[in-house]
Amino acid sequence: MITKRKVKEKPGVWFINREGSKLPGILRINPNDYTQFLTLYTETNFEGSSIKVDDSIFGDIELIFGETSGGIPYTLKDCRFRKSSPIGENLYEITYIPEITFYGGFLKKNEETKIFQLSCSFPLLSSWYDTNRNYFGSFSPSSDLDKMKPAISGEELTDEIVIDNDLTVAIERNYSQNAWVMSKEVSASIHHCISFTTKSPRSYYEFRKLAYRFLQLIQLSTGKLIYLEFNHVLADENDIDSPESHLTTKDGHIYLPITFYSYDRKRDLIKSDYIHQNNMLFYGGVNKKDSLNDIIRSWFNNYDKYESIYNRYLDTFEWFQNTDAVMSELMFHNRFVNLIQAIENYHFISHPEFNKEKFGQEKEKLQTLLEFIPDKEDKDWILERISSHTTLGQRMQDIMTNKLSFITSEIFKNRNSRDSFIHKTKRIRDDLSHGNKLTYQTEITEYYEKALIMLASCVLLTIGLDNEQIKKTLFRTGRYSRMISFFKSKF
C-alpha cells in the first residue's frame with residue numbers, strides 16, 4: 001500500500017513588483033503527483049485591473065514573488081496561466097503553474113540575474129557513477145575499514161571534472177552509516193548529486209541546458225527515461241533582493257534553495273534507483289573513474305557538434321514501455337530514416353577530409369568536360385555541386401570499411417553481404433523518404449538493427465571510447481549482445 005504524503009501549503013501575499021498589487025493566495029506543492037499550483041483569491045489582477053469573465057487579461061508571467069505567513073520570501077519562475085473561476089459576484093480564483101520555485105530571496109529578472117552554480121539530483125546517478133556501490137543500494141566492504149571512514153563520519157566526497165576553462169562539473173558523494181554487520185562490515189547508503197559551476201556568470205536557462213545535457217548522457221547509457229531535481233543555485237548577492245542572512249556564502253554569493261522543479265516529475269518515470277549493469281553502455285562499475293570522467297568531459301565538449309546524432313540515437317529507445325502506447329509502422333519507418341540519416345551525418349561531421357578527397361577524384365574526371373565550357377559561372381556551378389555532394393552509398397562504404405570495421409565484421413558475413421546491405425539500405429531510405437512502396441520489406445527489421453549497432457558505435461566514438469572498448473561494450477550490453485550473437489549465428 002502506497003502512503004500518500006501531505007500536500008504542502010504556503011499561504012501568503014503574491015506580487016510581480018513591490019509597488020503593485022499584492023494578492024492573497026496559497027502555493028500548493030503536491031509530492032504525490034509532482035505538481036504545484038499557485039491559487040490567488042482576488043478581485044483584480046496584478047496590475048490592479050478589474051477581472052472580467054474573459055481570460056484575455058491574463059497571461060504567462062516570468063516571475064511571481066511571495067511573502068508567506070512564515071516570513072520566507074519565495075520566487076516562482078516561468079508561471080503558466082491555467083484558469084480563472086468566479087467565486088461569488090466579484091471574487092475570482094486565479095491559478096498559475098510555476099516551473100520552478102526558489103525560497104529565501106527574490107530573483108531579479110532572468111536576463112539580469114547572475115548565476116554561478118546549479119546543483120541537481122538524478123535517479124540512477126549513484127548506481128551509474130559510483131564504482132563502489134553494489135546494486136542493492138549499500139556499500140559493504142569485507143576488509144580494510146579505513147575505506148569506510150567517509151561513510152562512518154558522514155563525510156562528503158567530490159569528483160571535479162573540468163570541462164573547459166570556465167565550466168566545472170562536480171559529482172558529490174554522500175555516505176551515511178546504516179548498520180554494522182558481524183563487527184567487521186559496515187553498510188552505508190550512498191547518494192550523489194551533481195553541480196555545474198562556472199567562473200563567469202550565466203543565465204538560469206543556460207544552467208538548465210547543462211542539466212538537460214547531463215540527463216541525456218545518463219539516458220543514453222541506461223536507456224531509461226529519468227527526471228531531474230534542482231537543489232539550489234548560487235547567485236550574485238547583488239541580484240537577489242531580501243535574501244535571508246544565513247544564505248550568504250563567504251565569497252559573496254547567495255545560496256538559494258529550490259523547493260520544486262516540475263520537469264517530467266508528474267510522469268513518475270523512475271520508481272527506483274536501480275538498474276542492472278548489463279543494461280548500461282558505460283558506468284562506474286566497468287569504466288574506471290578517470291575513464292568515466294573523460295566520457296563526461298567529451299560529452300559536454302562535443303555535444304554541440306553531434307547534438308542531432310545524439311538525439312536520433314536517443315529516439316531509438318523504447319520509451320513507450322509500461323504504457324498503453326504502441327509504435328505504428330509509420331513511426332518505425334521514421335526511425336529507420338532517422339537512423340540512416342544519423343550515420344550519414346556522423347560521417348559528414350567527423351570526416352570532412354572525405355568530401356575533399358571525393359571532390360578531387362570527381363574534378364579530375366570532369367576536367368576534360370570543363371574545358372569545353374567557356375562560361376566561368378557555369379564551371380563554378382558544376383564544381384560547387386560536385387564538392388557538396390557525396391552519396392549515402394559512398395559514406396556508408398567508407399564508414400563500414402575504414403571506421404567501423406571492428407564491429408561490422410561481427411554482423412556481416414563477408415563483403416558481399418556488406419555491399420548488399422549498403423545497396424538495399426539506400427533503396428529503403430529512398431522509398432520511405434518519397435512515400436514509395438518498400439522494395440525490401442522483409443529486410444527492414446534486420447537492417448534497422450544492424451544500422452542501430454553501427455550508430456551506437458559512432459556515438460561511443462564521439463565520447464572517447466576506442467575500438468576495443470566499444471567492441472567489449474556492445475558484447476556486454478544486453479541490448480546489442482543479443483543482436484550481434486544472432487547475426488553471427490547466421491554466418
Side-chain angles (χ1 to χ4, degrees), residues 115-133 156-173 190 192-202 205-224 226 228 230-231 233-234 277 280-314 342 345-346 349-351 403 455-474 476-477:
I115 295 176
F116 294 88
Q117 184 183 91
L118 171 65
S119 173
C120 315
S121 297
F122 300 86
L124 304 180
L125 178 59
S126 293
S127 58
W128 177 75
Y129 184 76
D130 204 296
T131 57
N132 294 323
R133 187 185 193 277
E156 179 183 286
L157 300 179
T158 300
D159 290 314
E160 290 193 347
I161 307 164
V162 178
I163 305 300
D164 54 38
N165 292 331
D166 188 61
L167 173 63
T168 299
V169 175
I171 299 181
E172 300 167 0
R173 184 189 307 109
I190 299 176
H192 289 73
C193 62
I194 183 168
S195 60
F196 305 92
T197 306
T198 57
K199 295 178 182 178
S200 56
R202 303 189 186 186
Y205 295 109
E206 289 179 282
F207 275 100
R208 187 179 68 175
K209 186 184 295 184
L210 293 173
Y212 286 170
R213 290 183 179 184
F214 195 87
L215 177 144
Q216 284 186 303
L217 178 62
I218 299 180
Q219 288 182 335
L220 185 147
S221 175
T222 64
K224 298 290 184 181
I226 61 174
L228 58 83
F230 286 170
N231 302 323
V233 297
L234 284 183
Q277 60 183 22
M280 291 188 275
L281 279 176
F282 43 87
Y283 69 104
V286 71
N287 300 87
K288 293 182 179 180
K289 186 60 63 67
D290 289 343
S291 173
L292 193 56
N293 289 349
D294 287 340
I295 288 174
I296 295 171
R297 186 180 296 108
S298 296
W299 172 261
F300 280 98
N301 286 330
N302 293 332
Y303 187 91
D304 289 333
K305 183 177 181 180
Y306 294 111
E307 180 179 6
S308 64
I309 296 165
Y310 295 151
N311 287 333
R312 286 183 170 92
Y313 177 76
L314 286 167
N345 278 1
Y346 167 78
I349 295 170
S350 60
H351 302 93
K403 310 303 186 298
L455 180 58
S457 303
C458 295
V459 168
L460 294 175
L461 283 171
T462 69
I463 56 177
L465 273 67
D466 60 34
N467 295 355
E468 190 61 30
Q469 289 174 320
I470 294 173
K471 192 172 180 178
K472 289 180 179 179
T473 296
L474 297 180
R476 175 187 55 79
T477 308

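Every heavy atom of this structure was used, including side-chain atoms; hydrogens, water molecules and symmetry mates were not. All figures in this text were calculated on a predicted structure; none of them were measured in a lab.
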Open item on the list: List the residues meeting side chain to side chain donor-acceptor pair (under 3.5 Å) with S291, not counting sequence neighbours, and say none if there are none.
Closed with: none

Open item on the list: Would you say that K199 contacts T168 through its side chain, given a criterion of any heavy-atom pair below 4.5 Å between the two side chains?
Closed with: no

Task: With R312 via side chain to side chain donor-acceptor pair (under 3.5 Å) - residues at least two apart - done: none

- [ ] Check ring pair (Phe, Tyr, Trp, His ring centres under 6.0 Å) between F207 and all other residues, then give those that pass, not counting sequence neighbours.
- [x] none

Open item on the list: Can you list everything that forms a salt bridge (Lys or Arg N to Asp or Glu O under 4.0 Å) with D304? Sequence neighbours excluded, please.
Closed with: R213

Task: Atom pair CD1 (I194) and CG (L228), whose distance is rounded to the nearest 0.5 Å - done: 10.5 Å

Task: Flag side-chain contact, heavy atom, 4.5 Å: I309 against I349 - done: yes

Open item on the list: Please determine whether side-chain contact (heavy atoms from CB on, under 4.5 Å) holds for the pair N467 and L461, giving the CA-CA distance in whole Å, both sets of side-chain angles, and the decisive distance to 0.1 Å.
Closed with: CA-CA 8 Å; N467 295 355; L461 283 171; 3.9 Å; yes

- [ ] Applying side-chain contact (heavy atoms from CB on, under 4.5 Å), run through I296 and Y129 and close with a yes or a no.
- [x] CA-CA 11 Å; I296 295 171; Y129 184 76; 4.2 Å; yes

Task: side chain to side chain donor-acceptor pair (under 3.5 Å) against T197, all qualifying residues, sequence neighbours excluded - done: Q117

- [ ] Heavy atoms only: give me the nearest C120-F196 pair and the separation to one decimal.
- [x] SG-CE1, 4.0 Å

Task: T158 to E172 - nearest heavy-atom pair and separation - done: OG1-CG, 3.6 Å

- [ ] Return the minimal non-hydrogen interatomic distance between N345 and S308, and the atom names on each side.
- [x] ND2-OG, 4.0 Å

Open item on the list: With rounding to the nearest 0.5 angstrom, report the CG to OG distance, L460 to S298.
Closed with: 11.5 Å

- [ ] Mind listing the closest non-hydrogen atom pair of V162 and R297 along with its distance?
- [x] O-NE, 2.8 Å

Task: Partner set under side-chain contact (heavy atoms from CB on, under 4.5 Å) for A456, not counting sequence neighbours - done: Y313, L474, Y480

Open item on the list: Are the side chains of F300 and L210 in contact, using a 4.5 Å heavy-atom criterion?
Closed with: yes

- [ ] Please list, chain by chain and in numerical order, all residues satisfying side-chain contact (heavy atoms from CB on, under 4.5 Å) with S121, sequence neighbours excluded.
- [x] H191, C193, E229, N231

TODO: Quick one: pull up CG in L220 and CG in L281 and give me the separation to the nearest 0.5 Å.
DONE: 6.5 Å

TODO: Could you tell me how the ring of W128 sits relative to the ring of F214: parallel (under 30°), tilted (30 to 60°) or perpendicular (over 60°)?
DONE: perpendicular

Open item on the list: Restricting to side-chain contact (heavy atoms from CB on, under 4.5 Å), what partner residues turn up for D466, sequence neighbours left out?
Closed with: E468, Q469

- [ ] Apply the test side-chain contact (heavy atoms from CB on, under 4.5 Å) to residues N311 and Q216: give CA-CA distance (whole Å), side-chain angles for both, the deciding distance (0.1 Å), then the verdict.
- [x] CA-CA 9 Å; N311 287 333; Q216 284 186 303; 3.0 Å; yes

- [ ] Would you name the heavy atoms of Q219 and I226 that are closest together and state the gap between them?
- [x] NE2-N, 3.3 Å

Open item on the list: Could you check whether any side-chain heavy atom of L217 comes within less than 4.5 Å of a side-chain heavy atom of F282, counting everything from C-beta outward?
Closed with: yes

Task: Any side-chain heavy-atom pair of N302 and I463 under 4.5 Å - done: no

- [ ] Mind checking side chain to side chain donor-acceptor pair (under 3.5 Å) for T198 and listing every partner two or more places apart, or none if nothing turns up?
- [x] none

- [ ] Apply side-chain contact (heavy atoms from CB on, under 4.5 Å) to S350 and list each qualifying residue two or more places apart in sequence or on a separate chain.
- [x] Y306, Y346

Open item on the list: If we ignore hydrogens and angles and just use 3.5 Å, is the side chain of T462 paired with the main-chain N or O of V459 as donor and acceptor?
Closed with: yes

TODO: Write down the atom of G284, the atom of L292, and the distance for their closest heavy-atom approach.
DONE: N-CD2, 3.6 Å

